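One structure is given below, encoded as structure tokens.
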Protein chains: 2
Amino acid sequence: MLNETLTAAPRTCGDCPIRHRAVCARCEADELEQLDKIKYYRNFEAGQTVIWSGDPMDFVGSVVSGIATLTQTMEDGRTQMVGLLLPSDFVGRPGRGAAAYDVVATTDLVMCCFRKKPFEQMMNETPHIAQRLLEMTLDELDAAREWMLVLGRKTAREKIASLLSIVARRNATLHLGMRDGPMQFVLPLTREAMADYLGLTLETVSRQISALKKDGVIRLEGKRNVTVPDFDRLLAEAGDDSDGGMLV
Amino acid sequence: MLNETLTAAPRTCGDCPIRHRAVCARCEADELEQLDKIKYYRNFEAGQTVIWSGDPMDFVGSVVSGIATLTQTMEDGRTQMVGLLLPSDFVGRPGRGAAAYDVVATTDLVMCCFRKKPFEQMMNETPHIAQRLLEMTLDELDAAREWMLVLGRKTAREKIASLLSIVARRNATLHLGMRDGPMQFVLPLTREAMADYLGLTLETVSRQISALKKDGVIRLEGKRNVTVPDFDRLLAEAGDDSDGGMLV
DNA sequence: CGCGAACCTTGATGCAGATCAATTGAAGGT
DNA sequence: ACCTTCAATTGATCTGCATCAAGGTTCGCG
């Protein structure tokens with residue numbers, strides 16, 4: 001793994017790595033205390049399923065560390081990823097009793113779960129939570145729409161470049177303060193997961209990654225360590241204009 | 001048009017056809033009065049652009065009657081529809097200064113607009129609005145994810161069937177109380193708009209509609225009037241199981 | 001060290017849908 | 001009734017990605 005993520009749960013909300021980005025970001029000390037009473041941590045191993053679509057779901061929660069995917073499956077087995085859950089992302093929908101999607105841990109995963117009933121209660125009483133959740137949901141909706149353009153109109157090569165630039169950008173903003181020069185990051189997904197993300201087959205994903213490597217757009221060490229020597233080049237390959245969809 | 005939609009704005013919120021489904025659905029009488037002070041109606045003709053992506057936007061609002069589309073465009077002209085706005089749907093994002101997408105009226109359109117600043121103010125003060133907006137945004141997110149499966153994994157024929165079943169279902173719930181027997185509705189989109197919706201070309205849309213007609217899945221009067229003799233058959237063609245993604 | 005299981009790469013072939021192109025049909029204007 | 005315009009249909013051909021198939025690589029485990 002890239003950074004030695006603590007696989008253990010944080011002791012208190014004060015220690016929590018997602019304290020200022022998750023659904024609790026706006027909460028005051030007293031509100032955190034309330035949340036503390038209804039929360040519990042759960043750990044999942046890479047590959048484990050967190051919930052199956054259709055299963056009753058008596059909690060909602062936040063990804064603390066690790067990565068999970070949200071996927072939809074048709075009866076004949078075709079699957080499409082519809083969400084990529086990173087630390088601080090929210091899982092579940094207040095007011096809904098059953099899971100709408102499969103949630104699968106792709107790396108070891110720590111979740112901060114809230115019992116659903118009391119959480120819904122709190123949402124009605126403390127506007128800070130509902131406000132933050134609205135903001136996060138609007139962001140997710142924007143991301144989903146960006147993704148729809150990728151799925152509907154981009155070529156396989158552009159799709160791969162788009163995915164890489166998303167992961168690269170996230171890594172840059174998250175980790176180091178975006179020093180320029182070659183960016184490096186670890187791809188958190190298998191070729192198959194990337195295919196499910198992009199509406200492709202895993203063979204096509206593999207071929208296009210090889211092609212981008214051959215053309216010098218990316219460099220690879222092993223199968224997962226990616227270096228991007230020229231980020232603007234990557235954005236151009238993704239079909240994005242160079243300042244890449246940064247809307248305020 | 002299907003039903004003689006009033007192209008004029010309603011006199012008061014009490015008359016308003018979307019009173020109980022829009023962002024104001026949960027508001028009490030006094031809250032409506034407040035909203036009334038910051039709202040104004042705008043009319044658009046079919047084909048007119050409501051806002052261009054990137055333009056400053058000093059209002060948010062609801063579709064009162066008519067249909068609009070949300071689209072994204074790449075520099076080379078490829079476009080993807082990312083939202084289909086029906087009566088009661090919300091346009092704009094509180095807290096954002098510029099439009100993120102092109103909004104185009106596909107039929108004559110009436111919008112109920114709120115000046116952005118005071119609307120944001122009200123959102124902070126009256127939880128009823130923020131609550132309803134959260135609920136609507138979560139619904140839109142679900143719809144977007146459903147749509148991602150369509151874009152990423154369905155065949156052209158399945159895509160068309162999916163779109164038809166969405167329009168059919170909406171029409172059924174909206175209009176008559178879902179009397180079974182053959183459903184009928186008017187397609188509110190041109191072949192090109194359907195293509196933009198589904199990530200196809202307009203030729204493919206045309207061919208697949210002809211094929212569905214030939215196979216008796218749908219019947220057509222003119223180019224826009226669709227009859228569906230057997231809705232379950234249509235759902236099967238869409239690749240949905242027969243109770244079609246009705247999650248609570 | 002050798003074996004098996006995931007995961008990935010690469011090649012050959014086929015097909016669904018894009019592209020290019022021509023025609024038809026319907027609605028509005030004069 | 002005729003012309004223009006815009007939307008839709010239909011045909012012919014091309015191509016990007018899927019599909020089918022055969023290795024290759026890496027890693028854990030006996």
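Just so it is clear, the structure is predicted and the values come from calculations on it, not from any experiment. Sequence lines set the chain letters: A, B, ... in the order given, protein chains first and strands last, and positions in each chain run from 1.
Side-chain N/O atoms of B:T204 include none lying less than 4.0 angstrom from OP1 or OP2 on C:dA16. Side-chain N/O atoms of A:R157 include none lying less than 4.0 angstrom from OP1 or OP2 on D:dG16. OP1 or OP2 of D:dC6 has not a single side-chain nitrogen or oxygen of B:T190 nearer than 4.0 Å. In this model, the phosphate group of C:dA6 is not approached by any side-chain N or O of A:R191 to a distance below 4.0 Å at OP1 or OP2. Between B:T201 and the phosphate of C:dA18, there is a side-chain N or O to OP1/OP2 separation shorter than 4.0 Å.
Between A:Y40 and A:F59, the ring planes lie perpendicular to each other; the angle is over 60°, past the 30° to 60° tilted range.
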Applying side chain to side chain contact (heavy atoms under 4.5 Å, CB included) to A:F44 and A:V103, what does each step give before you reach the verdict? CA-CA 11 Å; A:F44 298 89; A:V103 181; over 6 Å; no

List the steps and the verdict of side chain to side chain contact (heavy atoms under 4.5 Å, CB included) for B:D139 and A:R93. CA-CA 10 Å; B:D139 285 342; A:R93 173 170 175 167; 2.9 Å; yes

Listing, residues 199-210 of chain B side-chain donor-acceptor contacts under 3.5 Å, not counting sequence neighbours, or none:
unit_1, atom_1, unit_2, atom_2, d
B:T201, OG1, B:T204, N, 3.3
B:T201, OG1, B:T204, OG1, 3.0
B:S210, OG, B:S206, O, 3.0

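Every residue two or more places apart in sequence or in another chain was checked for a side chain to side chain donor-acceptor pair (under 3.5 Å) with A:D230, and none qualifies. Scanning for side-chain contact (heavy atoms from CB on, under 4.5 Å) contacts around B:E140 gives A:L141, A:R145, with sequence neighbours left out. B:R157 is linked by a side chain to side chain donor-acceptor pair (under 3.5 Å) to B:D215, B:E237, counting only residues two or more places apart in sequence or in another chain.
Here the side chain of A:L200 is nearest to one of D:dA18, D:dT9, C:dG17, namely D:dA18. Listed nucleotides D:dT9, C:dG17, C:dT10 differ in distance to B:T155; the shortest reach to its side chain belongs to C:dG17.
The CD atom of B:Q208 sits 12 Å away from the P atom of D:dT9 (whole-angstrom rounding).
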Atom pairs, protein N/O to nucleotides 20-27 of chain D N/O, distance under 3.5 Å:
unit_1, atom_1, unit_2, atom_2, d
D:dC20, N4, A:E203, OE2, 3.2

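In the helix from C:dC1-D:dG30 to C:dT30-D:dA1, the end axes, each obtained as the rotation axis mapping the C1' atoms of four pairs onto the next four within a five-pair block, lie 30° apart to the nearest 10 degrees.
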